[in-house]
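Below is one structure, written out as structure tokens, with a few remarks after it.
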Amino acid sequence: MRVIEIDLDIHKRIEFERREFEESANTVLRRILGLEDVPQPEPLVVRNNADGWHRKGVSLPSGTLLRMSYNERRHEGQIVGN
């Protein structure tokens, strides 16, 4: 992900063009620029046990939201109990 600075008029236009609240600014800009939309993968659901996820001394409680970027792609997930 790259960060770019935009002025207030550009920000207002992006917000005006949104079709739904959850739509990202990137999706809006791709549509305005006539670029093909990149499909977003379904979030990864990690299941371990009802208490959350535990591995090598790291514990994440059930309900923890996960987010990472890898090869310029964003991935999201959530820890859920069985």
Side-chain angles (χ1 to χ4, degrees):
M1 178 188 322
R2 292 179 176 81
V3 176
I4 61 171
E5 291 187 31
I6 58 172
D7 61 39
L8 185 57
D9 291 332
I10 300 296
H11 175 72
K12 286 180 183 179
R13 178 62 186 265
I14 292 169
E15 293 302 314
F16 178 78
E17 294 289 337
R18 283 186 196 266
R19 293 184 177 164
E20 54 189 54
F21 183 73
E22 292 83 18
E23 187 174 46
S24 71
N26 189 68
T27 300
V28 173
L29 289 171
R30 291 185 76 81
R31 187 173 58 251
I32 291 171
L33 296 171
L35 299 173
E36 195 173 305
D37 196 19
V38 178
Q40 296 298 316
E42 290 294 318
L44 171 66
V45 176
V46 177
R47 295 183 188 275
N48 195 32
N49 62 41
D51 296 334
W53 181 86
H54 310 281
R55 191 83 77 233
K56 295 183 180 181
V58 177
S59 296
L60 299 174
S62 187
T64 301
L65 298 175
L66 308 169
R67 178 178 57 206
M68 69 171 281
S69 293
Y70 181 75
N71 286 340
E72 297 185 16
R73 293 190 68 189
R74 184 176 171 156
H75 304 274
E76 296 179 351
Q78 182 176 14
I79 304 294
V80 296
N82 290 335

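Residue numbers start at 1 and run along the sequence shown.
- By the side chain to side chain contact (heavy atoms under 4.5 Å, CB included) test, Glu22 is found to be paired with Glu20, residues two or more places apart in sequence or in another chain being considered.
- Taking the side-chain hydrogen bond (donor to acceptor under 3.5 Å, both in side chains) definition, one finds that Thr64 meets it with nothing, sequence neighbours left out.
- Connection of Leu66 to Val58 is established within a shared hydrophobic cluster, with ILVMFWY side chains joined at heavy-atom distances below 4.5 Å, either directly or through further cluster members.
- Ile32 belongs to a hydrophobic cluster whose other members, connected by ILVMFWY side-chain contacts under 4.5 Å either directly or through intermediates, are Ile4, Ile6, Ile10, Ile14, Val28, Leu29.
- Residue pairs meeting the salt bridge (charged side-chain N to carboxylate O under 4.0 Å, His left out) criterion with at least one partner in residues 4-14, sequence neighbours excluded, are Arg13-Glu17.
- With sequence neighbours excluded, no residue forms a side chain to side chain contact (heavy atoms under 4.5 Å, CB included) with Phe16.
- Hydrophobic cluster membership of Leu8, counting Ile, Leu, Val, Met, Phe, Trp and Tyr whose side-chain heavy atoms lie under 4.5 Å apart directly or via other members: none, as it forms a cluster of its own.
- The heavy-atom pair separating Glu36 from Arg30 by the smallest distance is O-NH2, 2.5 Å.
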